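Quick notes on the structure that follows.
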There are 2 protein chains.
Amino acid sequence: MSDLEQIFRALGDPTRRAMMERLSQGPMSVSKLAEPFEMSLAAVVQHLQILEESGLVRTEKTGRVRSCSIDPRGLDLIDQWVKQRRSTWERRLDKLEDFLSA
Amino acid sequence: MSDLEQIFRALGDPTRRAMMERLSQGPMSVSKLAEPFEMSLAAVVQHLQILEESGLVRTEKTGRVRSCSIDPRGLDLIDQWVKQRRSTWERRLDKLEDFLSA
DNA sequence: GCAATAGTCAAGTGAATACTTAACTATCTA
DNA sequence: TAGATAGTTAAGTATTCACTTGACTATTGC
């Protein structure tokens with residue numbers, strides 16, 4: 001599965017998007033991250049794993065606490081893909097415009 | 001389901017991402033769009049519906065031909081979400097930097 | 001009019017997803 | 001060192017997903 005596929009799939013889930021929004025405020029432990037979600041800790045950890053595997057989040061365990069933080073390179077990949085689609089689309093529009101004005 | 005959720009879910013599938021890449025070259029009919037994919041036309045139409053419902057693609061039927069094209073507003077929504085996450089994240093880093101240099 | 005073309009609709013299937021609970025393993029603290 | 005804390009692992013389940021096939025409808029060109 002490509003990076004991009006893992007990333008988009010990861011962000012397709014509202015819980016995981018909310019986790020990203022929480023983590024963009026700053027790093028935090030798994031249980032702190034889990035606080036607002038009405039589901040088991042195990043479920044949160046499963047979501048976290050998906051985010052980590054996709055490259056959107058980085059985690060590091062120190063003692064018994066795992067600290068989670070955004071990995072900006074994941075966001076970069078999305079940005080690149082969107083920009084590429086848009087630039088191809090706009091280049092095409094420009095050509096169309098040239099054609100019409102000629 | 002939120003717009004953003006539909007969009008990210010839609011792009012989580014490689015076939016649908018490939019369809020977006022194809023459509024960013026310019027509008028085309030359903031069967032033209034379907035050409036490179038090794039699956040039934042019905043399956044392609046199902047993917048197309050998901051893209052349309054998410055707001056990433058616009059379609060219009062003229063006679064027996066349905067023309068499909070990118071709707072750039074979908075891409076805008078992704079861009080906004082990514083920018084927001086990144087700006088929150090960077091603002092936090094800036095504060096940290098201020099703190100460390102003080 | 002009658003094929004061929006372009007797409008639509010519905011029902012079915014196997015695999016993936018988002019959870020749950022329960023039992024477990026480290027690590028820290030009093 | 002005992003008990004609380006922080007997280008991990010595994011197994012089970014209901015739902016959703018990505019298809020398929022087959023029957024169908026609407027348009028177009030000869």
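The shown structure was predicted, so the numbers you read here are calculated from the model rather than taken from an experiment. Each chain gets a letter, A, B and so on, in the order its sequence line appears, and its residues count up from 1.
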query = Do the rings of B:Phe8 and B:Trp81 sit parallel, tilted or perpendicular, given the 30° and 60° boundaries?
reply = perpendicular

key: Gap between atoms CD and P, on A:Gln6 and C:dA16 respectively (whole Å)   = 14 Å

request  = Note down the inter-axis angle between the two ends of the helix from C:dG1-D:dC30 to C:dA30-D:dT1, five pairs each, to the nearest 10°.
outcome  = 30°

Kindly give the atom pairs (protein nitrogen or oxygen, nucleotide nitrogen or oxygen) under 3.5 Å for nucleotides 11-13 of chain C.
none

ask   = Touch check for A:Ser31, heavy atoms < 4.0 angstrom, all strands: base, sugar-phosphate only, or nothing?
value = sugar-phosphate

request  = Give a yes/no answer on whether the side chain of A:Thr15 brings an N or O atom under 4.0 Å of OP1 or OP2 in C:dC19.
outcome  = yes

note = Walking DNA chain D from its 5' end, the first of B:Leu41 and A:Leu48 to be reached, judged by nearest nucleotide, is A:Leu48

key: Check ion pair A:Arg9-B:Asp13 (N to O, under 4.0 angstrom)   = no

message = When you compare the side chains of A:Glu60 and A:Ser67, does any donor N or O come within less than 3.5 Å of an acceptor on the partner?
response = no

inquiry  = I need the single residue from A:His47, A:Glu21, A:Gln46 that forms a side chain to side chain contact (heavy atoms under 4.5 Å, CB included) with A:Arg16. Which is it?
reply    = A:His47

First-last contacting nucleotides on DNA chain D - partner chain A, under 4.0 angstrom, heavy atom = D:dA4 to D:dT9

task = Verify the contact: side-chain N or O of A:Arg9 to OP1 or OP2 of C:dA16, cut-off strictly under 4.0 Å; return yes or no.
result = no

